[in-house]
Amino acid sequence: MPDTNTDPAQFWNQHYGTNQKTWGGRANPLLVEVAGPLAPKDALDLGCGGGGDALWLARQGWRVTAVDISTTAVERVRARAVEEGLGDLVTTEAHDLARSFPAGTFDLVSAQYFHTPFTLPRAEVLRTAAQALAPGGLLLVVDHGSTAPWSWNRHEHTHHATPREVAAELDLDPAQWSVERADAPEREATGPDGETALVTDHVLVVRRQ
């Protein structure tokens, strides 16, 4: 686990600048499951990291805004989008989401494993994301429901907030937002060094009315 006194942007820039085994080679499976049947419109990828989700969405025809605190990460995602001929579909922005949020409205906001060892007003950020949805738009939040062997957060008594707990933290007006999915599927996951393990995901899908 990193020293939490470290500057978060500096930490993540170093991570993406030195770690060649990024997570950006593939899309997260629950994003594929949820977004696959949708008509491609405008999407926001919160904490885009290596860009696997943003690039997958763009390949499906989505116009994607990919944001991360790391300027190194967003520069790499932008370069990969241009290399793949997706430059017109992918916009990258560096944001410390504790302080700023991308402008615009979106038909899909994806927050995949939106966790950090640093201080972050996560519920506030996700509430802002819900408010940035266009009518009928979806907020997809996928969290860790178990601790993988390769996780940096392997404390014995770690509490993995359930989807319903996350929804309660967001405290959204049920007249404007409805919970469409809140479950905990299991899957076999692959770690950064190729190891595999059975993990649980916590999935929350919220729709703006």
Side-chain angles (χ1 to χ4, degrees), residues 8 27-49 52-54 56-58 60-69 74 89-116 118-146 153 158-187 199-209:
N28 283 300
L30 283 157
L31 172 66
V32 174
E33 177 183 326
V34 171
L38 303 178
K41 296 180 181 178
D42 293 295
L44 173 61
D45 183 7
L46 294 179
C48 64
D53 290 340
W56 180 85
L57 286 166
Q60 314 314 306
W62 290 83
R63 296 178 296 271
V64 185
T65 300
V67 304
D68 202 280
I69 194 174
V74 296
L89 291 173
V90 178
T91 299
T92 57
E93 299 179 12
H95 284 274
D96 179 346
L97 291 167
R99 296 178 172 87
S100 64
F101 196 88
T105 57
F106 306 92
D107 302 281
L108 173 67
V109 178
S110 175
Q112 300 284 318
Y113 310 106
F114 188 54
H115 306 288
T116 177
F118 301 100
T119 300
L120 176 72
R122 201 180 94 111
E124 180 181 333
V125 173
L126 293 177
R127 191 177 305 115
T128 300
Q131 293 165 347
L133 290 172
L138 294 180
L139 169 64
L140 168 62
V141 182
V142 179
D143 290 333
H144 296 297
S146 63
N153 187 18
T158 296
H159 173 66
H160 299 283
T162 69
R164 291 291 178 184
E165 288 172 337
V166 173
E169 287 180 343
L170 299 189
D171 193 27
L172 297 169
D173 181 354
Q176 297 187 56
W177 292 271
S178 60
V179 174
E180 292 213 336
R181 177 175 174 179
D183 60 1
E186 291 185 334
R187 64 183 174 89
V199 300
T200 301
D201 291 312
H202 283 169
V203 185
L204 174 67
V205 178
V206 174
R207 183 182 297 275
R208 185 164 199 170
Q209 304 302 318

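Between Cys48 and Val74, the closest side-chain pair of non-hydrogen atoms falls below 4.5 Å. Using a 4.5 Å heavy-atom threshold, the side chains of Val109 and Val141 count as separate. Between Val32 and Trp56 the shortest side-chain heavy-atom distance falls below 4.5 Å. Within the 4.5 Å cutoff, no side-chain heavy atoms of Leu170 are placed close to those of Trp177. With contacts defined as side-chain heavy-atom distances shorter than 4.5 Å, the pair Val206/Leu126 does not qualify.
Here OG of Ser110 is found 8.5 Å from CG of Leu44. Values are rounded to the nearest 0.5 Å. Taking CH2 of Trp62 as the start and CG of Asp107 as the end, the distance is 6.0 Å to the nearest 0.5 Å.
Judged by distance alone, the side chain of Ser146 and the main-chain N or O of Thr200 form a donor-acceptor pair under 3.5 Å. Although no hydrogens or angles enter the test, the distance criterion places a donor-acceptor pair under 3.5 Å between the side chain of Asp68 and the main chain of Gly49.
Among residue pairs with one or both ends in residues 94-106, those qualifying as salt bridge (charged side-chain N to carboxylate O under 4.0 Å, His left out) are Asp96-Arg99; sequence neighbours excluded. Listed by first then second residue, pairs satisfying salt bridge (charged side-chain N to carboxylate O under 4.0 Å, His left out) with a partner in residues 118-142 read Arg122-Asp143, not counting sequence neighbours. For residues 29-46, the salt bridge (charged side-chain N to carboxylate O under 4.0 Å, His left out) pairs, not counting sequence neighbours, are Glu33-Arg181, Asp42-Arg63.
In this structure Glu180 satisfies the salt bridge (Lys or Arg N to Asp or Glu O under 4.0 Å) test together with Arg207, sequence neighbours excluded. By the side chain to side chain donor-acceptor pair (under 3.5 Å) test, Gln131 pairs with no residue at all, sequence neighbours left out. Checked against side chain to side chain contact (heavy atoms under 4.5 Å, CB included), Gln176 has the following partners two or more places apart in sequence or in another chain: Asp173, Arg208. Shown here are the side chain to side chain contact (heavy atoms under 4.5 Å, CB included) partners of Ala168, two or more places apart in sequence or in another chain: there are none. With sequence neighbours left out, Asp201 forms a side chain to side chain donor-acceptor pair (under 3.5 Å) with Tyr113, Arg187. For Glu93, the side chain to side chain contact (heavy atoms under 4.5 Å, CB included) criterion is met by Thr65, Val67, Thr91, His95, Pro102, not counting sequence neighbours. Looking at residues two or more places apart in sequence or on another chain, you find a side chain to side chain contact (heavy atoms under 4.5 Å, CB included) between Arg164 and Thr162, Val179, Ala182. Taking Ser178 as the reference, Gln209 meet the side chain to side chain donor-acceptor pair (under 3.5 Å) condition, with sequence neighbours excluded.
In summary, of the residues considered (Val205, Leu30, Asn28), a side chain to side chain contact (heavy atoms under 4.5 Å, CB included) with Val142 occurs for Leu30 alone.
In terms of heavy atoms, Ala27 sits closest to Asp53 at CA-OD1, 3.3 Å. Considering all non-hydrogen atoms of both residues, Leu139 and Leu133 come closest at N-CD1, 3.7 Å. The shortest non-hydrogen separation linking Leu89 to Gly61 is CD2-O, 4.3 Å. The heavy-atom pair separating Ala132 from Phe101 by the smallest distance is CB-CE2, 4.1 Å. Across Ala58 and Val90, no two heavy atoms sit closer than the pair CB-CG2, 3.6 Å.
No donor-acceptor contact under 3.5 angstrom links the side chains of His202 and Glu165, judged on distance only.
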Original post:
Could you go step by step and tell me if Leu97 and Phe114 meet the side-chain contact (heavy atoms from CB on, under 4.5 Å) rule?
Top reply: CA-CA 11 Å; Leu97 291 167; Phe114 188 54; 3.7 Å; yes
**OP:** Take Val64 and Thr92 through the test side-chain contact (heavy atoms from CB on, under 4.5 Å) and record every step on the way to the result.
**Re:** CA-CA 8 Å; Val64 185; Thr92 57; over 6 Å; no
